[in-house]
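What follows is one structure encoded as structure tokens, with my remarks underneath.
In this chain, numbering begins with 1 at the start of the sequence shown. Everything quoted here is computed from the prediction, not taken from an experiment. Heavy-atom basis, side chains included; hydrogens, waters and symmetry copies ignored.
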Amino acid sequence: MNLRFYLLRRIALIIPTLIGLSILTFSIARLVPGDPVGLAAGPQATEEIKEALRREFGLDQPLPVQYINYMAGLFRGDWGQSLYTRRDVLPDLRTFWPATLELTTIAVIIATLLGVPAGVISAMYRNRLPDHVARILSLFFVSFPAFWLAMIFQTWFGRDLGMFPINKRLPVLVTPPATTTGLFLIDSLIQLDFETFLISLKHIFIPSLVLSFSAFASITRITRASMVEALEKDFVRMERAIGIPYRIIIFKYVLRNAFIATITIISLNFGWLMAGAILIETIFDWPGLGLYAVNASLSLDFQPIMGIAFLYGIVFSLVNILTDIVYGMLDPRIRYG
């Protein structure tokens, strides 16, 4: 099948997925115990004020009508309004999304740069010391809670050693770069502002490193397992028999065959880390969607929560499509059908 038609079909399949996601998030938001209107109106509000607020946000209507109105607003580009702050959700998502995207992207890059070599070395030296070290590190990072590691790193590298800042994207007195992408590292490079770039890099390093640990563990394990399986193939024995150097076999032939499974886990980790960034953003006071979601959850402000879930669904679906395209680039035998 032509790649263009394949992409059109996959994009079309996103629509029922997002509709299902919207029904799920809408139902959960309405079934959560509590009174969001009461929290938004304040403890001194009268019943008349609360009823007026319900009518303003359409919360006095039956649930099916509320859902239809919500979906109609989504197609118009109206993602609702925060009950607590009275701000439109979509502009808020545009404001906070780049911070989460930057944090998650750097975390995935770190996890890939560390995890793939660790998996390759582990497979090359199977059942020897490097293999044992890599497997122990993977088990350690996947077992310990991310919030505990985040606080440990804040204490060591921030407070005790003073090597890295422990919160925010930039210091209060530093002016952010002019917004082009919303990603401070890229925007500062575009403007050749290397001082702001280095400051941004120092601020993002510790939270992204901590966020990358779980992804590092899974990437290392999958890469090792795929490499071990590929090393037992007949073509590897043939190449070794005809005298091709072992390192060339590993990095030119074996790794390419094993990397398809690694690509899968990297793409999945991108979505998982984006959702898992909530804890890291809260601990490091990182102004992204995670911190935005926490504040919305504490006030039972369901419109921002639904908007975040919908955005994550779109991003995760698009990442999966991109992963399938990369499959075809790595393995010519894969056909789009």
Taking all non-hydrogen atoms of both residues into account, name the closest pair between [X] and [Y] and its distance.
X	Y	answer
Leu211	Thr104	CD2-CA, 4.3 Å
Ile305	Ser297	CD1-OG, 3.5 Å
Ala99	Trp286	O-NE1, 3.0 Å
Ile283	Met151	CG2-CG, 4.4 Å
Leu101	Phe270	CD1-CZ, 3.8 Å

Would you say the side chains of [X] and [Y] form a donor-acceptor pair under 3.5 Å?
X	Y	answer
Thr196	Ser188	no
Gln154	Asn167	no
Tyr67	Ser22	yes

Between [Y] and [X], is there a salt bridge with N-O shorter than 4.0 Å?
X	Y	value
Lys168	Asp285	yes
Arg55	Asp60	no
Asp131	Arg128	no
Arg169	Glu281	no

Quick one: does any side-chain atom of [X] pair with a main-chain N or O of [Y] as donor and acceptor, under 3.5 Å?
X	Y	value
Ser82	Thr85	yes
Tyr312	Gly271	no
Asp187	Gly182	yes
Asn269	Ile265	yes
Gln191	Ala178	yes
Gln81	Val89	no
Thr223	Thr220	no
Asp88	Leu90	no

Mind running side chain to side chain contact (heavy atoms under 4.5 Å, CB included) on Ser212 and Val108 for me, showing each step along the way? CA-CA 6 Å; Ser212 72; Val108 170; over 6 Å; no

Under a single-linkage definition using a 4.5 Å side-chain heavy-atom cutoff for Ile, Leu, Val, Met, Phe, Trp and Tyr, are [X] and [Y] assigned to the same hydrophobic cluster?
X	Y	result
Ile19	Val315	yes
Ile278	Leu268	no
Leu300	Tyr84	no
Phe284	Val174	no

So, using ring pair (Phe, Tyr, Trp, His ring centres under 6.0 Å) as the criterion, who are the partners of Tyr125 when residues are at least two apart?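 Expected list: none.
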
Under 4.5 Å between any side-chain heavy atoms of [X] and [Y], yes or no?
X	Y	result
Thr181	Pro98	no
Ile14	Leu318	yes
Leu18	Phe310	yes
Ser317	Ile314	no
Ile166	Arg159	no

Applying salt bridge (charged side-chain N to carboxylate O under 4.0 Å, His left out) to Glu232 and Arg126, what does each step give before you reach the verdict? CA-CA 12 Å; Glu232 295 176 352; Arg126 184 171 34 163; 3.4 Å; yes

Does Glu229 CD have over 12 foreign heavy atoms under 6.0 Å away?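 Incorrect, the count does not exceed 12.
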
Can you confirm whether Trp156 is buried at CH2, in the sense that more than 12 heavy atoms of other residues, nucleotides or ligands lie under 6.0 Å from that atom? no

Mind jotting down which residue pairs meet the ring-ring contact (aromatic ring centres under 6.0 Å, His included) criterion with at least one end in residues 168-205? Sequence neighbours excluded, please.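 Passing the test, one end in residues 168-205: Phe164-Phe205.
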
Would you call the rings of Tyr292 and Phe96 parallel, tilted or perpendicular if under 30° counts as parallel and over 60° as perpendicular?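 Plane angle under 30°, so parallel.
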
Ring centroid separation for Phe153 and Phe213, is it under 6.0 angstrom? yes

